[in-house]
Structures are given as C-alpha cells and as structure tokens.
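The structure presented is a predicted model; accordingly, all values stated were derived computationally and were not measured. Just so it is clear: chains get the letters A, B, ... in the order the sequence lines come, proteins before strands, and each one is counted from 1.
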Amino acid sequence: MSFWAELAASGLITGGIYALVAMGLNLQYGLMRIMNISHGEFLMLGAYLTWLAYTVFGINPVAFLPAVALTLFIAGLLVYRLCFSRIARTSPSVEVIEARSLLVGFGLMYLVQNAAYLAWGADLRGYSFLADAIEIGGARFAANRLLAFGFAVAASLALLALLRWTMIGKAVRAMMQSPVGAQLVGIDTGVLHPLVFGAGLALAGVAGALLSMVYEITPGMGEPYTVTALIVITLGGLGSAAGCLVGGMLLGLVESFGMHFTSPSLKMLLSYGVFIGVLLARPRGLFAR
Amino acid sequence: MICRTAIRLAAATLLAAALAPAFAQDAPVKIGYAIARTGPWSAGAQLTQEPNYVMWAEGVNAAGGLNVKGKKRKVELVGFDDRSEAETVVRTYEKLMGSDKVDLILPPWGTGANFAVMPVIQKYGYPMIAPTATGRKLLGMKNPYFFAILQQPDLMMNALAEFLKARNVKTAAVIHVDELFGLEQASALEAAFKEKGIQVIEKKSYPLGVKDLKSVLNDIKAKNPDAFVALSYPPDTFLVTAQAREIAFNPKAFYASVGTAFPIYRDKLGPTVEGVMGLGTLNPKTSAAAKAYFDAHVARHKKEPDRWASAHAWAALQVMEQAVAKAGLDRKALRDAIASNEFDTVIGKVRFRNGENVSTPGVVSQWQSGEFEVVWPPDRATAPAMHPKPSWR
C-alpha cells in the first residue's frame with residue numbers, strides 16, 4: 001500500500017471509531033432532540049459489561065455484543081420511562097425538550113458514573129482481544145480497530161436505509177418534523193419515542209463494547225466521548241446517519257494527515273478548525289436538509 | 001461522589017463509635033488529606049496512593065497506635081474526594097488545616113495537585129512528603145515544608161541515558177505528552193542524551209487524550225532509530241505500545257513512561273510487554289522488605305501496587321512515622337526531623353536535601369516474563385537487561 005493510502009486508511013479507521021461513538025447520540029439528539037449528555041456514561045457501561053463478561057466468564061466479546069445491545073436497550077426503555085417521557089409529553093416545543101433533557105442528562109451522568117466508581121473502583125481495566133495486526137496490501141492494521149470501523153460503516157448504512165426506505169423510518173422522521181402531525185396520521189409516538197431512545201442507548205453500549213477491545217476503560221471514560229459525539233453529529237448534520245459517518249471520517253482524516261504534516265500537538269486546533277470551517281459554510285452541518 | 005464520601009464517612013463514624021469505648025484513653029491523631037476518588041486523576045491515585053494510606057493506618061492501629069515521642073496513640077484518617085480538581089484540593093486542605101486543625105496531613109496525588117497545595121502547607125506550616133510529584137519547578141519554589149520522595153526527571157532520564165550508552169545506542173526518537181510532566185522529562189532527556197552522545201533524530205509532542213499515534217510511529221519507524229522513548233501518561237503508554245506492535249516497529253530499546261509500572265499494563269497487554277522498559281523503582285525481588293510490602297498490599301487490597309511510585313508512597317508514610325516517633329506532633333520540630341535525618345524505608349535509605357530525596361537513584365526497569373525487573377543501575381538490578389528487545393509477541 002502506498003504511503004498516502006496508508007495514511008488515509010488509518011485516518012478512516014480512527015474516523016470510523018468517532019462515528020461509532022456518535023451514532024447513539026445521533027438517534028437521541030439528532031432525531032428526538034433529547035440532549036442525552038450522559039451518552040458517554042452508557043457507552044462506559046457497555047464497555048464494563050463486555051470487560052466483565054470476558055474477564056470473569058470468558059465470553060467472547062464479539063459474541064457478547066447482542067447481549068450488550070439488548071441490556072442497554074432495556075435500560076434505555078427504563079431510563080426513558082423514568083426520566084424523559086414526562087419531558088417529551090409536557091414540553092411545548094422541541095427547544096424546551098432540548099433544554100430540559102440537558103439538565104436531566106447531567107443528573108444521569110453523575111448518577112451512572114458514580115455508580116460505576118462504587119461498583120468497580122477507579123482503577124484502569126482492560127483486556128486484550130483481537131489485538132493482532134492484519135496485513136492489507138503491505139500496511140498493518142489492528143484487527144479490533146478494523147472491527148470497530150466495519151461495525152460503524154455497516155450500522156450507519158443500515159440506519160440510513162431504515163430511515164429512508166422503511167415505514168418505521170418514515171414514522172421516526174415524521175415524529176421529528178412534527179410530533180402532533182405524526183400523531184394525527186396515526187403514528188403512535190408514545191411507543192416509537194421510547195423505542196428510538198432505547199436504540200440510541202443500545203448503540204452507545206455496542207460502541208463501548210467495541211472500544212473496550214481497543215482502549216483501557218475507567219468509570220470516567222465517558223465524558224470525552226460525549227464531546228466527540230456532539231462534534232461529529234453537529235458536523236454531519238443532526239439526525240443524518242450518513243452525516244454522522246462522513247463527519248467522523250472527516251475528523252479522522254484531518255487528524256491523520258494533520259499529524260503527519262504538522263505536529264500531533266496541533267490535533268485539536270486542526271479538528272476544531274475544520275469544525276468551524278464546515279459550520280461557517282453549512283451552519284446546519286454537512287448533510288442537513 | 002458526594003454519595004461515596006457520605007457512605008465512607010458513615011462507615012467511619014460507625015466504626016469509630018464501635019471502637020470508642022475500647023480506646024478511650026487518648027484522642028486519636030487526626031491525619032487529613034484530599035485525594036482523587038473520582039475523575040481523571042482517580043485511576044492513578046487509587047492505584048498508587050490512597051490504598052497505601054488505608055493500609056498504613058490500619059497497620060499502625062493494629063500495632064497499638066502511632067508512636068508519638070514514645071506514647072502510642074491511635075490514628076484516624078480524614079480523607080476527602082478532591083474530584084480531580086485543583087481548586088477542590090486547595091479548598092479541602094485549607095479546611096483541614098485552617099478550621100479542622102488536623103494533626104498531620106498527607107499529600108494529594110499528582111504533580112499538579114501538589115503544586116497547587118504548596119502555598120497552603122507553607123502558610124499553615126504542615127510538612128508534606130509527596131510520592132507523586134516530580135519536576136524541578138516544585139523544588140524550585142524552595143518551600144521548607146515540601147519534600148519530594150520520588151526521583152526527579154533528570155535522575156530518571158540520566159539513568160536511561162547511561163543505560164542506553166552502555167549498550168552502544170547511537171540514535172533515539174522521542175515523543176512526549178504536552179503537559180508539564182512530558183515537557184520536563186523531555187528537556188531532562190535531551191540534556192542527558194546530549195551529554196552521552198546519543199543523537200535525537202526525531203522529537204514530537206502530542207496532546208493528552210490522543211486516540212491514534214500510528215502516523216507518528218510510522219514516520220519514526222521509517223527513520224529506524226536504535227531507541228524509542230515515549231514520555232507518556234497511562235492512556236498513551238498503552239496506545240504507543242499497542243500501535244508500535246500493530247505496525248511492527250521494533251527498535252532495540254523501547255521505553256514508555258507513566259503506566260509501564262502498573263500491573264494492568266502487563267495484564268491488559270499480556271506477552272506484548274516483554275522487553276518494554278519504563279519508570280520503575282523496585283519489585284518484590286528487590287529486598288525482603290519490598291516483598292513484604294507487595295504481599296501485605298495484595299492481602300489487604302486484592303491487587304498489586306505499581307512498581308514505581310506506590311513504594312514511594314509507602315516510604316513517605318514510613319518517614320512520617322519515624323519522624324513523629326522522634327519529634328512528636330510539633331510541626332516545626334517534625335519538619336526539622338524530616339529534613340535532617342536519614343530514614344529506613346521500603347525503597348532503601350532516604351535522606352532529604354533541600355526538600356529532595358537524594359538517596360534513591362534513577363532507575364530503569366524492564367518487563368521480563370511478567371516481572372518489571374530493575375535493569376539499571378547495576379547495584380540495584382534484579383535481572384540482567386534484555387537488549388536488544390525481542391520482537392513483539
């Protein structure tokens with residue numbers, strides 16, 4: 001593989017990880033305007049569940065992914081019922097949903113994070129899984145990163161197809177555009193809303209599970225991921241599955257090329273530079289309609 | 001975090017209430033500190049520092065109490081979560097020394113927190129022996145109450161340069177984290193390499209929280225240095241190790257910094273760590289005292305201490321204990337006792353000059369078959385060095 005292709009490939013793979021982190025929040029904030037600032041905490045829960053399953057019970061982390069998704073999905077329904085259903089019901093507009101859910105999200109963040117500190121302590125944890133490199137055209141890539149990348153691409157495309165071509169997707173989009181209008185044409189928003197929220201949490205959990213193979217984990221690991229997720233979905237355009245993937249990859253490419261041509265210390269400057277540039281040109285994100 | 005502190009306080013109160021009638025003779029010696037139990041500092045603080053405080057206090061009480069100039073008194077730890085915030089550190093120590101008037105204090109975790117609290121300890125005159133503060137900048141403040149028991153950057157980097165020179169290393173590539181720690185280590189390393197005639201053919205910095213360093217490592221691999229040195233913090237220590245293996249960048253010497261001495265580094269990366277070098281002071285093979293310390297730690301906390309600063313944290317408590325036995329709780333006398341005596345500790349003899357531990361030399365350690373062997377200096381080595389490093393496994 002040529003030098004350039006390799007640089008691009010590692011940028012895309014890191015970008016895929018960023019997209020992966022952002023997907024769950026994209027459902028919740030992008031589609032429903034629920035500003036779930038505790039997104040990263042649920043990602044952390046997914047990581048800890050996988051770590052526990054692997055180190056205590058010896059369960060293959062990849063085989064465990066559906067279990068993580070299901071657990072977090074159910075947790076999502078519960079969290080929605082306890083925290084967000086009232087907000088969604090009583091708020092007069094989406095702006096109010098946004099503001100109120102932000103406050104609830106902060107509370108959840110502290111609650112979940114500190115519960116994890118109590119349960120597992122502050123120690124770094126981790127395990128090694130699929131850490132061997134796979135050689136592609138002379139360049140070497142860690143298998144677990146490739147897996148995360150592959151999942152991000154596949155899940156984004158699936159989501160894109162779901163939202164664009166299925167009845168459920170249409171209903172979700174309708175709910176987003178006009179909650180009252182959606183109800184008038186017979187969409188049961190009382191069922192759909194918690195389902196989409198739960199799906200968002202399930203995606204966060206799966207992202208955490210995949211990341212636990214690559215990085216070490218702590219109860220405090222979630223916060224930086226929430227920030228990354230917010231940047232990626234704003235860059236890509238709220239609620240756009242394609243935008244989330246492209247936004248993540250753009251950041252990955254900028255980092256990879258930027259770090260090679262300038263200094264890695266300028267990483268933040270470059271990433272935010274691109275972020276500001278995109279928002280100046282397209283204030284509602286790359287893929288906003 | 002509030003909840004956690006509350007539970008701990010409640011538990012401590014209950015325990016104290018249960019024990020109170022039995023030891024009613026003297027008020028306990030109150031020892032206050034703030035340390036990270038939550039937030040980004042907590043992983044380091046809860047591995048290296050607070051477990052030692054807890055274990056020490058329990059041990060002292062089990063042995064009848066702290067010897068205060070010949071009189072045994074129980075100790076009581078008053079610990080708070082600083083939530084990894086420098087302001088909370090300062091505020092908590094202000095409260096502990098200013099209004100609670102504790103008898104002694106123990107240091108917070110990390111260079112930044114120690115730096116933040118230095119003016120306060122000087123104001124109230126409490127001696128503090130810091131096991132996780134490193135940097136000439138701190139000692140440059142000439143605070144008479146501050147003692148640094150961890151090796152300073154120039155000591156560790158000189159040891160590394162001597163080690164590499166003795167193995168005929170000619171060229172090196174260096175990357176460092178863009179924080180006070182990385183900057184101080186990097187300038188110390190450059191000075192040491194220059195003196196030993198080792199050429200630095202690449203030097204790059206990177207920000208904290210970086211998730212990918214592959215393109216940097218690829219560039220360095222293309223230049224083929226004899227040695228690679230990462231002056232890194234734990235997350236990036238793990239990252240450079242995994243990614244160097246990923247691209248099969250296998251220099252003759254591979255060195256990474258904070259985190260290499262952590263048991264989780266070996267446990268997460270497995271046989272990959274074979275031959276990796278890093279910051280470490282001792283291991284259970286160093287001495288009988290070190291072995292006893294490791295065993296006691298595992299028995300009490302169900303986890304190993306790290307092989308660098310943990311033992312320094314324990315040694316700091318030993319120094320405090322011996323100084324209190326000699327000088328009592330008068331803090332001025334205690335400070336003078338710490339400053340002017342030599343102490344026997346788990347890391348060997350310790351003597352301070354101008355606040356710096358001048359007895360413990362710079363050390364290089366290397367992972368070999370699951371143990372972080374000391375390989376330099378020769379008189380402290382627990383195993384011969386593995387050089388060149390074997391291929392990544």
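At a threshold of 4.5 Å between non-hydrogen side-chain atoms, the residues B:T38 and A:N114 count as touching. With a 4.5 Å cut-off on side-chain heavy atoms, A:M259 and B:L213 count as touching. Under the 4.5 Å side-chain criterion, counting only non-hydrogen atoms from C-beta, A:Y127 is not in contact with B:D267.
The contact between A:T262 and chain B is made entirely by backbone atoms, counting heavy-atom distances below 4.5 Å. With a 4.5 angstrom heavy-atom cutoff, B:A222 does not touch chain A via any of its atoms. Within the 4.5 angstrom heavy-atom criterion, only side-chain atoms of A:L7, from C-beta onward, approach chain B. Contacts of B:K211 with chain A are made by both backbone and side-chain atoms, with heavy-atom separations under 4.5 Å. No part of A:F257 comes within reach of chain B, as not one of its non-hydrogen atoms sits under 4.5 angstrom from that chain.
The distance from the CE atom of A:M268 to the CG atom of B:D178 is 11.5 Å, given to the nearest 0.5 Å. Going from atom CZ of B:F262 over to atom CG of A:D123 covers 9.5 Å, rounded to the nearest 0.5 Å. To the nearest 0.5 Å, atoms OH (B:Y265) and CG (A:L124) are separated by 13.0 Å.
Of all non-hydrogen atoms in A:R145 and B:L239, the two that sit nearest each other are NH2-CD1, 3.3 Å. Contact detail for B:K214 and A:R140: the closest heavy-atom pair is NZ-O, 2.8 Å. Pairing each heavy atom of B:D212 with each of A:S10, the nearest pair is OD2-O, 3.9 Å. When all heavy atoms of B:K268 and A:Y215 are compared, the closest pair comes out as CE-C, 4.0 Å. Smallest separation of non-hydrogen atoms from A:G126 and B:I264: N-CD1, 3.6 Å.
Note that A:K267 lies outside the cation-pi zone of B:Y206, set by a 6.0 Å cut-off to the ring centre and a 45° limit from the axis.
In terms of heavy-atom pairs under 4.5 angstrom with chain B, the leader among A:A142, A:A133, A:S128, A:G220 is A:A142. Top candidate by heavy-atom pairs under 4.5 Å with chain B, chosen from A:M221, A:E216, A:H260, is A:E216. Between chain A and the residues B:A242, B:A248, B:G270, the most heavy-atom pairs under 4.5 angstrom are made by B:A248. Taking chain A as the reference chain and counting heavy-atom pairs below 4.5 Å, the highest number among B:L269, B:D219, B:L47 is found for B:D219.
In this model, a donor atom of one side chain and an acceptor atom of the other lie less than 3.5 Å apart for B:S205 and A:S265. A side-chain donor from one of B:N218 and A:E6 sits under 3.5 Å from a side-chain acceptor of the other.
Under the 3.5 Å distance criterion, the side-chain polar atoms of A:Y117 are matched with a main-chain donor or acceptor of B:G39. Under a 3.5 Å cut-off, the side chain of B:R245 and the backbone N or O of A:A131 do form a donor-acceptor pair.
Few gaps surround CZ on A:F261; more than 12 heavy atoms of other groups in view lie less than 6.0 Å from it.
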